[in-house]
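Comments concern the structure below.
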2 protein chains.
Amino acid sequence: MMEKNISRAVISRLPRYYRCLEKLMYDHVDRVSSTELAEMMKVTASQIRQDLNTFGGFGQQGYGYNVQNLFAELTKILGLDREHNMVVIGAGNLARAFTNYIGFKRIGFYIKGLFDNNPEVIGQTFHDLTVKPMEELADFIKEENIEIGILAVPWEYLNEAASDMISAGIKNIWNFAPGGLDIEVPDDVIIQNENLSDSLIQLSFIVTAAGQGR
Amino acid sequence: MMEKNISRAVISRLPRYYRCLEKLMYDHVDRVSSTELAEMMKVTASQIRQDLNTFGGFGQQGYGYNVQNLFAELTKILGLDREHNMVVIGAGNLARAFTNYIGFKRIGFYIKGLFDNNPEVIGQTFHDLTVKPMEELADFIKEENIEIGILAVPWEYLNEAASDMISAGIKNIWNFAPGGLDIEVPDDVIIQNENLSDSLIQLSFIVTAAGQGR
DNA sequence: TAGATTGTTAATCGATTAACAATC
DNA sequence: TAGATTGTTAATCGATTAACAATC
């Protein structure tokens with residue numbers, strides 16, 4: 001089923017649609033118009049209709065959108081109608097935070113394993129997971145049906161860890177390791193960078209600019 | 001000094017310029033042309049010249065850009081030529097990860113205090129910081145010259161913590177608390193949302209779409 | 001049916017890229 | 001000076017908004 005390419009701009013708005021619909025579901029709202037949705041999300045009604053129509057005609061003229069139906073469609077589109085298994089590479093503080101974080105579980109993402117190559121960390125227990133050595137990663141991925149690898153090592157190990165993950169068969173990397181330039185990955189590997197230092201630098205710019213009267 | 005408005009698109013690229021220049025500095029490169037920079041960053045030379053010129057004419061015809069000079073200018077523009085003090089509200093695992101994280105310190109951002117309103121957590125020590133009660137926040141902000149508050153509480157406390165922060169005088173909030181809809185803040189307060197669940201949902205969409213042959 | 005609201009086409013706006021004169 | 005490369009204007013591309021005919 002070949003579909004048209006979805007622009008980055010649209011993708012970046014999808015989680016907000018999802019959260020918005022989730023809230024409407026929670027509030028037992030049956031139907032919603034693009035105008036009402038637009039007000040909730042502080043965007044234009046036009047944009048909402050355009051965005052939704054890249055995926056299909058989920059609405060009905062004269063009625064609007066059925067909340068339950070639209071939520072179900074969005075859930076499917078986002079792949080949130082099934083579970084996703086993850087591992088964390090780099091068993092540090094961030095890994096600890098992630099294993100405890102219920103927000104991921106709530107949308108069906110489970111951390112199934114922690115991996116590290118530091119002998120001092122291997123064997124330690126985080127929440128209810130025992131840190132395993134990197135050598136066991138490849139088998140684990142197959143056995144536990146792992147879809148996503150969270151990369152959370154210090155920057156010195158970034159390239160090493162990334163290539164270990166890739167050769168172990170991980171196809172999707174969520175990268176929290178700060179790096180110099182972005183790391184390169186083969187074409188069939190998807191990498192999403194979550195550079196907290198970059199976000200902080202952006203915030204710094206905004207703060208600094210605001211302080212100078214803009 | 002009133003300047004023109006800088007677009008989101010430009011701001012989002014600034015950290016990468018910074019990191020790129022940092023690398024050139026590290027490699028002791030003296031000068032760089034927009035074409036060379038473009039190759040490093042995988043963008044067009046035109047974009048680099050446009051971007052940099054929103055801040056000033058840092059280059060020289062026939063020569064290019066002096067790396068040291070451009071780096072210094074960028075550092076100033078981003079506010080990275082001075083230190084920034086931060087506090088974390090919500091002393092959980094994420095707070096622990098942040099206090100240990102050297103990446104923030106490296107660019108001059110220091111976590112000076114941890115605050116929580118849970119009596120069981122108050123008094124605990126994270127790295128070298130003792131968790132303080134929220135009542136002490138307002139005074140602390142003034143005494144320690146705090147610029148940024150990192151919001152890292154569970155979602156149930158999001159609104160409460162945010163309004164506590166604002167009334168304590170925090171003007172810049174870096175929000176890691178996942179929420180339903182985005183929280184509203186007064187005009188003079190800057191909030192930057194770092195919604196990890198949203199990022200994960202985006203990744204989920206991309207992974208799911210890729211799995212369906214796109 | 002009449003009113004409402006979608007889906008979609010057309011218009012506008014903004015951001016990116018190309019081109020080139022200015023100038024080091 | 002001649003060659004190189006910027007700063008900047010103009011052209012293109014893509015994304016957002018407006019408008020409205022289709023239709024529930």
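The analysis underlying the following values was restricted to heavy atoms, covering all of them including side chains, and did not include hydrogens, waters or symmetry mates. In what follows, chains carry the letters A, B, and so on, assigned in the order in which the sequence lines appear, proteins first and then strands, with residues in each chain numbered from 1.
The base of D:dT8 lies outside donor-acceptor range of the side chain of B:Gln50, with no N or O pair under 3.5 Å. Residue-to-nucleotide contacts include no donor-acceptor pair under 3.5 Å from the side chain of A:Glu36 to the base of C:dT5.
At the heavy-atom level, A:Arg13 lies under 4.0 Å from the strands shown only through sugar-phosphate atoms. Within the nucleic acid shown, A:Ser34 comes within 4.0 Å of sugar-phosphate atoms alone, with no base atom in reach, counting heavy atoms only.
Separating the CG atom of B:Leu52 from the P atom of C:dT16 is a distance of 14 Å, rounded to the nearest angstrom. Following rounding to the nearest Å, B:Gln47 (CD) and D:dC13 (C1') show an atom-to-atom distance of 13 Å. Whole-Å rounding puts the A:Asn5 CG to D:dG14 C1' distance at 13 Å.
Summarising the local packing, NZ of A:Lys105 is surrounded by more than 12 heavy atoms from other residues, nucleotides or ligands at distances under 6.0 Å. Other residues, nucleotides and ligands place more than 12 heavy atoms under 6.0 Å from the CZ atom of B:Phe58.
Taking the centre and axis of the six-membered ring of B:Tyr63, the NZ or CZ atom of B:Arg31 falls inside the cone set by 45° and 6.0 Å.
For B:Arg49, taking side-chain heavy atoms from C-beta onward, the closest of the listed nucleotides C:dT6, C:dC20, C:dT17 is C:dC20. The side chain of A:Gln60 approaches D:dC24 more closely than any other nucleotide in the set C:dT5, C:dA19, D:dC24. For B:Gln61, whose side chain is taken as the heavy atoms from C-beta onward, the closest listed nucleotide among C:dT6, C:dT8, C:dA22 is C:dA22.
The minimum heavy-atom distance linking B:Asp164 with B:Met134 is given by the pair CB-CE, 3.6 Å.
Classified by interplanar angle (parallel below 30°, tilted 30° to 60°, perpendicular above 60°), the ring pair B:Trp174/B:Phe98 is parallel.
Applying the 4.0 Å criterion to OP1 and OP2 of C:dC24, one finds that B:Arg31 has every side-chain N and O outside that range. OP1 or OP2 of D:dA4 has not a single side-chain nitrogen or oxygen of B:Tyr65 nearer than 4.0 Å. Distances shown here put a side-chain N or O of B:Thr44 below 4.0 Å from the OP1 or OP2 atom of C:dT17.
Checking B:Asn145 against B:Asn85 by side-chain atom types alone, no donor-acceptor pair falls below 3.5 Å.
Overall, the helix from C:dG3-D:dC24 to C:dC24-D:dG3 carries an axis bend of 10° between its ends, with five pairs at each end and the value rounded to 10°.
The residue among A:Ser46 and A:Ser7 whose nearest nucleotide of DNA chain D lies closer to the 5′ end is A:Ser7. Place A:Tyr63 and A:Ala9 on DNA chain D by their nearest nucleotides, and A:Ala9 ends up nearer the 5' end.
For the side chain to side chain contact (heavy atoms under 4.5 Å, CB included) criterion with B:Glu147, the lone passing option out of B:Lys112, B:His84, B:Lys171 is B:His84.
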